[in-house]
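For the numbers below, each heavy atom of this structure counts, side chains included, while hydrogens, waters and symmetry mates do not.
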Amino acid sequence: MRRTWVRAGALVAVLAVGTVVALTVDVPDVATVRGWIDRTGTPGLLLLTAGVGLALVGPVPRTAMSVLLGVVLGFWGGTAVALAGGMLGGLAAFALSRTLGRDAVARLEGPRLAAVDRVLADRGFGAVLAGRLLPVVPFSVLSHAAGLSAVPLGSYAAATALGLLPSTVLQVGVGASVPELTAWAARAGSPGVAVAVTALVVGGAVLLWRRRARSRTSAG
């Protein structure tokens with residue numbers, strides 16, 4: 001019993017630290033990340049993918065992350081890193097909550113929660129897939145909730161892989177289109193508009209991240 005609650009406390013502590021880091025650490029600018037990738041090559045891309053996965057364990061909006069990856073790496077590179085990082089982050093969050101928090105939830109659950117658990121054990125794929133396809137469901141919240149529930153790992157992984165694909169393609173595509181939008185604005189005869197287009201897309205993604213993170217902290 002005591003070990004169960006120690007694990008649950010460790011899970012809360014890890015998530016609290018992740019939230020503080022997400023709210024306080026500044027995001028590197030696009031030029032810095034591009035220069036680092038150019039210098040490091042494939043190892044840099046692998047490290048970037050791992051960093052995306054680690055960030056998505058905490059309360060970092062995947063939408064903003066995917067858009068920024070499109071800006072930095074273009075469509076194909078950004079899509080590959082966003083999908084791989086999303087899977088890493090989703091599986092890591094699931095494993096963390098399943099290992100540290102599942103026993104505590106099982107001890108606390110009443111008849112209603114037990115009934116929900118039974119449904120999720122049988123129909124976890126559909127529940128997770130629906131959550132991944134709905135843009136209003138935060139990525140990390142669903143990942144941790146699935147880990148705390150009775151959703152099987154195989155169903156969770158398959159639904160996450162399938163559910164990430166359409167939104168990732170769209171979000172990375174938005175980021176990758178920034179150079180084209182900027183070039184179009186420049187050809188239209190207004191360099192200022194080109195700068196404004198770039199700032200609007202990139203700044204909007206970052207502001208969305210910060211706003212959602214602050215709103216969740218205030219609600220908590």
Side-chain angles (χ1 to χ4, degrees), residues 18 21-22 25-94 128-129 131-143 157-187 193-213:
V21 171
V25 174
D26 291 332
V27 181
D29 59 49
V30 172
T32 300
V33 178
R34 280 178 176 166
W36 180 70
I37 293 296
D38 289 340
R39 291 191 302 272
T40 57
T42 299
L45 287 174
L46 294 176
L47 285 175
L48 180 60
T49 301
V52 170
L54 182 61
L56 291 177
V57 174
V60 177
R62 194 181 65 85
T63 298
M65 187 74 70
S66 298
V67 171
L68 291 174
L69 286 172
V71 174
V72 174
L73 301 177
F75 180 76
W76 294 110
T79 299
V81 171
L83 286 174
M87 284 301 301
L88 284 176
L91 290 173
F94 179 93
V128 174
L129 180 60
R132 292 303 189 205
L133 293 174
L134 291 174
V136 296
V137 180
F139 181 85
S140 63
V141 171
L142 179 58
S143 302
T160 295
L162 183 60
L164 284 179
L165 187 58
S167 59
T168 300
V169 169
L170 177 62
Q171 293 155 6
V172 173
V174 170
S177 68
V178 167
E180 285 73 17
L181 290 173
T182 302
W184 170 82
R187 286 195 300 270
V193 173
V195 174
V197 168
T198 304
L200 181 62
V201 175
V202 178
V206 175
L207 286 175
L208 177 62
W209 172 5
R210 294 293 188 181
R211 181 177 299 175
R212 291 181 64 179

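- Heavy atoms only, all atoms of each residue included: G89 and V57 are closest at O-CG2, 3.8 Å.
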Before you tell me yes or no, could you show the steps for F75 and V169 under side chain to side chain contact (heavy atoms under 4.5 Å, CB included), namely the whole-Å CA-CA distance, both residues' side-chain angles and the distance that decides it to 0.1 Å? CA-CA 8 Å; F75 180 76; V169 169; 3.9 Å; yes
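- Note on residues 161-172: pairs passing side-chain hydrogen bond (donor to acceptor under 3.5 Å, both in side chains), not counting sequence neighbours, are R62-S167, R62-T168, T63-Q171, S66-Q171.
- When all heavy atoms of G74 and A176 are compared, the pair lying nearest together is C-CB, 3.8 Å.
- The distance from atom CG of L133 to atom CG of L164, rounded to the nearest 0.5 Å, is 9.5 Å.
- The shortest non-hydrogen separation linking G163 to R132 is CA-CB, 3.8 Å.
- The minimum heavy-atom distance between F139 and G86, with the atom names listed, is CZ-O, 3.2 Å.
- Taking OG1 of T160 as the reference point, atom CG of L83 lies at 12.0 Å (rounded to 0.5 Å).
- Between V60 and M65, the shortest heavy-atom distance links the atoms CG1-CE, 3.5 Å.
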For residues 40-53, tabulate all N or O donor-acceptor pairs below 3.5 Å that involve a side-chain atom, not counting sequence neighbours.
residue, atom, partner, partner atom, Å
T40, OG1, W36, O, 2.8
T49, OG1, L45, O, 2.9

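- When the side-chain contact (heavy atoms from CB on, under 4.5 Å) test is applied to L54, no partner is found at least two apart in sequence or on another chain.
- Take L134 and apply the side-chain contact (heavy atoms from CB on, under 4.5 Å) test, not counting sequence neighbours, and it matches V136, V137.
- In this structure, S140 contributes its side chain and G58 its backbone to a donor-acceptor pair below 3.5 Å.
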